[in-house]
Amino acid sequence: MLNKFKIFLSHGKTHIFEIILKGLFWLAPIVAITVIINWIYGKIDAITGYLFKTIGINPEHFPFIWTIVGVCLLLFIAYIVGIFVETRLGDFVQKIYSKVPGYETVKELINIFNTSKSGEKKVLVVLIRGFSKEDYNIGLMYSTSESIIKDHYTVTLSMTPIPNGGFMFEVHKDKILVIEEATFDTNLQYLLSMGVKSMADILKIEPKAIDEFKTIVEYLENKKS
């Protein structure tokens with residue numbers, strides 16, 4: 001009886017830890033974006049109040065108009081910044097900041113979590129050979145650039161339930177199979193489930209025979225064509 005209780009308690013702790021991690025990963029980007037928007041809106045709110053007082057209007061008497069003007073200014077500034085980023089001057093500013101130590105690292109980390117990337121920059125979910133001919137591991141390819149070893153590519157195998165840890169392998173192109181339906185997000189769900197859900201369960205597809213998956217070479221050739 002005592003052993004059964006210990007096993008149940010152990011499963012309970014694992015489950016609680018998994019749920020906490022899921023909550024943190026779900027909250028992190030939302031909290032970060034919210035903090036940034038609140039900070040920017042606070043600055044715009046102060047500017048809006050100053051403009052109202054300049055033209056002789058007490059902003060506290062018109063809170064609704066004050067809010068509307070502040071939101072419009074926020075959207076307008078975001079639009080201008082969006083245009084600026086695509087200009088040569090925007091590129092020049094980024095080049096200057098790229099000289100700052102750590103800037104490129106932070107930028108790459110943000111790009112990793114940008115699952116809307118496409119083409120050669122897309123994060124690929126792949127299968128590689130495991131400990132025997134019949135076994136496979138699910139990993140990620142953050143880049144489709146060839147490794148320092150000819151015909152090899154870098155594949156990252158993340159740890160569960162903490163996806164930001166793991167191992168990097170230089171894998172031969174013939175041993176890398178692409179799971180085209182999967183994305184960075186679905187792989188994260190797979191890791192956090194700790195095996196409770198299979199990748200097929202998460203993608204809501206039927207399991208496939210291994211020869212139905214494209215090799216990385218076939219995948220890249222199809223992308224080019």
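Bear in mind the structure is a predicted one, so any value in this text is a computation, not a measurement. Side chains are part of it too, since the values below use all heavy atoms of this structure and drop only hydrogens, waters and symmetry mates.
- In this structure, Asp185 CG and Ile202 CD1 are separated by 11.0 Å, a value rounded to the nearest 0.5 Å.
- The two residues Leu157 and Gly139 come nearest to each other via the heavy atoms CD2-CA, 3.6 Å.
- The shortest non-hydrogen separation linking Ser158 to Leu140 is OG-CD1, 4.4 Å.
- Scanning both residues, Ile179 and Phe213, for their nearest heavy atoms gives CG1-CE2, 4.2 Å.
- Between Lys214 and Leu177, every side-chain heavy-atom pair lies at or beyond the 4.5 Å cut-off.
- Around the CD1 atom of Ile148, the shell of radius 6.0 Å holds no more than 12 heavy atoms that belong to other residues, nucleotides or ligands.
- Using a 4.5 Å heavy-atom cutoff, the side chains of Ile216 and Val171 are not in contact.
- With rounding to the nearest 0.5 Å, the separation of CG in Leu127 from CD1 in Ile176 is 10.5 Å.
- Residues Val155 and Met141 share a closest heavy-atom pair of CG2-CG, 3.8 Å.
- Ala182 approaches Leu203 most closely through the heavy-atom pair CA-CD2, 3.8 Å.
- Hydrophobic clustering (ILVMFWY, side-chain heavy atoms < 4.5 Å, transitive): Leu220 and Ile149 are in distinct clusters.
- Atom CD of Glu181 and atom NZ of Lys208 lie 3.5 Å apart (nearest 0.5 Å).
- Counting non-hydrogen atoms of neighbouring residues, nucleotides and ligands closer than 6.0 angstrom, the OH atom of Tyr153 exceeds 12 such neighbours.
- Under a hydrophobic clustering in which Ile, Leu, Val, Met, Phe, Trp and Tyr are joined whenever their side-chain heavy atoms come within less than 4.5 Å, directly or via other members, Ile128 and Val217 fall into the same cluster.
- Linking ILVMFWY residues whenever their side-chain heavy atoms come closer than 4.5 Å, directly or via other members, leaves Leu124 and Met168 in distinct clusters.
- A heavy-atom distance below 4.5 Å is not found between the side chains of Thr215 and Asp174.
- The minimum heavy-atom distance linking Ser143 with Ser145 is given by the pair OG-N, 3.0 Å.
- Taking 4.5 Å as the limit, every side-chain heavy atom of Thr183 sits out of range of all side-chain heavy atoms of Val125.
- Proximity of Tyr219 to Val126: side-chain heavy atoms (C-beta onward) are nowhere separated by under 4.5 Å.
- Just one residue in the list His172, His152, Glu170 forms a side chain to side chain donor-acceptor pair (under 3.5 Å) with Ser147, and that residue is Glu170.
- Side-chain contact check for Asn187 versus Met199: some heavy-atom pair is nearer than 4.5 Å.
- At least one side-chain heavy atom of Arg129 sits under 4.5 Å from a side-chain heavy atom of Tyr136.
- Below 30°, between 30° and 60°, or above 60°: for Tyr142 and Phe184 the angle between ring planes is between 30° and 60°, a tilted geometry.
- A distance of 7.0 Å separates CD in Glu180 from CG in Asn222, rounded to the nearest 0.5 Å.
- From Lys173, atom NZ reaches atom CD of Glu218 across 11.0 Å, with rounding to the nearest 0.5 Å.
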